[in-house]
2 protein chains.
Amino acid sequence: MTKPQLDRGAGRPSRRERVREATLVEIKEIARRHLVEQGAAGVSLRAIAREMGMTAPGLYRYVSGIDSLLVLITADMFGELAAAVAAADASVPSEDTDLRILTSLRAFRSWAVTHRAEFATMFGPRVRLAPGTDVTPALEAGRRFGATFYTLFDRLLSEERFPLPDGARITPELARELRAFADTCGFSAPHIPVEAVMVLSTCWVRLYGVVCMEVFEHMNFVMRDMEPLFESELQNILTGLGVRYQAP
Amino acid sequence: MTKPQLDRGAGRPSRRERVREATLVEIKEIARRHLVEQGAAGVSLRAIAREMGMTAPGLYRYVSGIDSLLVLITADMFGELAAAVAAADASVPSEDTDLRILTSLRAFRSWAVTHRAEFATMFGPRVRLAPGTDVTPALEAGRRFGATFYTLFDRLLSEERFPLPDGARITPELARELRAFADTCGFSAPHIPVEAVMVLSTCWVRLYGVVCMEVFEHMNFVMRDMEPLFESELQNILTGLGVRYQAP
DNA sequence: CGCTTTAGTGAACGCCGTTAGCAAACACCG
DNA sequence: CGGTGTTTGCTAACGGCGTTCACTAAAGCG
């Protein structure tokens, strides 16, 4: 019987760190399942602990409270959403920018409607978290998610697919905000024109609008299936961008 | 000293009914304040009762539980929003359809950003309510709110301000959903074309998108002031509808 | 005056988040 | 191996929550 060697020379995680990481993952998995099955209000440290065969205070060795746990899984979910979109994007030929965009946007909606509870906590109002909670991990993950689309848009931009709107119609205040947007997002292009950021914002707002409306079930009593409306909006948006649309 | 006559002949509310109604109003007022000050998670029967100088079980004489109380105040809030929009609409000359629309839409956003907590519970995901809760009162109120805009849109339509989109580009599925929309909403026009409903939906989606994004603070770390973007979107939308836009 | 309906209370149950103190398990060092 | 400090998870406890039930006191009404 050979005893396991403790060769964690180059920052290799020790056994303790590994099992610790594993239980943290388990905590997050259970929390996530409760979120999906019972909504954000149904996630509780006590219930998680119960299911793990331990008690609630024990969880505080892994998580500093329910709020920070929610922030943690929110960040994870942004990662998953980004991965889902990236996977869809990679599933089509990389030269076909049009199809890549179409596919990516559809993937966004698909993920949203198949992960309603997740989407609600990611993109809905912060209703569960106490005000003043540190949400930077989630924000960071959200930023990384956004980058997925920025690169695609960047490519579209460099291919000069669509005419930029008249810069004169952009008020100084709007220009300032758009510039702040571009700077914070870290566009790859060093000097992207505000007009382009404007177009991107508009498109994103429209997309966000349809998907939120569908996931939050706001037209539920008036429209059974929202996919046709999404496809229609998608077509409008893409056409405006000079991108080829094709029915699903 | 004349004793109060009990002349509640024609369904006039008795004294008991009046005071009962008054305490219900008080309950809703306090709940509302707690909602504003501490978010949806901060509304609790016990806290309300404490503030009223009574105990939580007593509230069950007026409200069948916390969920139904939330539904009640949600319905009230839809009423207030509709009233705010209607007031703004009535504050400009009634012949000037363009200005009426512009003013009404701005009023919608204004109300939303000055009543963030309310807007979040009205238009955000149902996160607090247990699944299966009866939300029909809120839905009804929401429907009435929508009617505010339908009439304005109807007027726009009859003035033939904008060209209807090509009906051939509306898929059968979308047409079905749009027709359901038109039917359920009870448009005044008996036979409104699906193309028109299509335009209305698109506009509403875009409006909903900007406002949600602003209220839910989703671009907070990237854009300080969202009003310029809203105004820009508003201009786009109205221009597309053939409605005169003017800066605020 | 009595009788009925209503408003409100207190106690209790079972949930929740969170803190503090404590005991066992573990990793490590001489 | 034994000793030592760290990590882990426990129990107990506090206060808050929604909700139910049995009960009292008041109000209304004849």
Side-chain angles (χ1 to χ4, degrees), chain A residues 3-9 12-27 30-31 34-35 38-73 127-133, chain B residues 3-9 12-27 30-31 34-35 38-73 127-133:
Chain A
K3 263 182 137 182
Q5 288 289 98
L6 298 184
D7 60 335
R8 55 188 160 105
R12 190 84 85 278
S14 72
R15 162 174 173 74
R16 234 186 185 145
E17 286 165 333
R18 271 183 293 122
V19 49
R20 181 183 173 77
E21 195 55 35
T23 53
L24 178 58
V25 167
E26 186 185 358
I27 292 173
I30 300 181
H34 289 183
L35 172 70
Q38 319 178 23
V43 181
S44 83
L45 290 181
R46 288 194 125 108
I48 296 171
R50 211 179 300 133
E51 189 167 328
M52 294 177 64
M54 55 186 285
T55 60
L59 297 184
Y60 279 76
R61 300 283 176 196
Y62 300 89
V63 159
S64 63
I66 183 69
D67 283 10
S68 86
L69 173 58
L70 288 174
V71 172
L72 273 187
I73 66 177
V127 117
R128 174 85 200 263
L129 269 47
T133 311
Chain B
K3 264 180 137 184
Q5 289 289 99
L6 298 185
D7 59 337
R8 57 193 160 103
R12 190 82 85 277
S14 72
R15 159 170 176 77
R16 235 188 182 141
E17 287 164 333
R18 272 184 291 122
V19 50
R20 181 183 173 77
E21 195 55 35
T23 53
L24 178 58
V25 167
E26 186 184 358
I27 291 172
I30 299 181
H34 289 183
L35 172 71
Q38 318 178 23
V43 180
S44 83
L45 290 181
R46 287 193 124 108
I48 295 171
R50 210 178 301 133
E51 190 167 326
M52 294 177 65
M54 57 186 282
T55 61
L59 296 185
Y60 280 75
R61 299 283 176 195
Y62 300 90
V63 160
S64 65
I66 184 69
D67 283 10
S68 86
L69 173 58
L70 288 174
V71 172
L72 273 187
I73 66 177
V127 115
R128 174 83 198 265
L129 268 47
T133 311

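The chains referred to below are lettered A, B, ... by the order of the sequence lines, with proteins before strands, and numbering in each begins at 1.
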Would you mind reading off the distance between [X] atom [atom1] and [N] atom [atom2], rounded to a whole angstrom?
X	N	atom1	atom2	value
A:Tyr62	C:dT18	OH	P	18 Å
B:Leu129	D:dG18	CG	P	13 Å
A:Arg18	D:dT8	CZ	P	14 Å
A:Glu17	D:dT8	CD	C1'	15 Å
B:His34	D:dG18	NE2	P	11 Å
A:Leu69	C:dC16	CG	P	14 Å
B:Leu45	D:dC17	CG	P	10 Å
B:Leu24	C:dA7	CG	P	11 Å

Nearest-nucleotide pick for A:Met54, side chain only, options being C:dT9, D:dG9, C:dT18: D:dG9

Closest listed nucleotide, where the reference is the side chain of B:Ile66 and the choices are C:dT9, D:dG18, C:dG21: D:dG18

Assert: residue with more 5' nearest nucleotide on DNA chain D, out of B:Ala56 and B:Arg16, is B:Ala56

For B:Arg46 and for A:Gly65, find the nucleotide of DNA chain C with the closest heavy atom, then tell me which residue's nucleotide is more 5'. B:Arg46

Return no unless some side-chain N or O of [X] is found under 4.0 Å from OP1 or OP2 of [N].
X	N	value
A:Arg20	D:dT8	yes
A:Arg50	C:dC16	yes
B:Thr55	C:dT9	yes
A:Tyr60	C:dT19	no

If you look at every strand shown and take non-hydrogen atoms under 4.0 Å, does A:Gly42 touch a base, only sugar-phosphate, or nothing? nothing

Spell out, as yes or no, whether a donor-acceptor pair under 3.5 Å connects the side chain of [X] to the backbone of [Y].
X	Y	answer
B:Arg20	B:Arg61	yes
A:Glu17	A:Ser14	yes
B:Arg128	B:Val43	yes

With a 3.5 Å cut-off and heavy atoms only, can you find an N or O donor on one side and an acceptor on the other between the side chain of B:Arg61 and the base of C:dG8? yes

On a heavy-atom basis, the closest approach of B:Ile48 and B:Ala31 is CD1-CB, 3.6 Å

For B:Leu35 and B:Ala40, which heavy atoms make the closest approach, and how far apart are they? CD1-CA, 3.5 Å

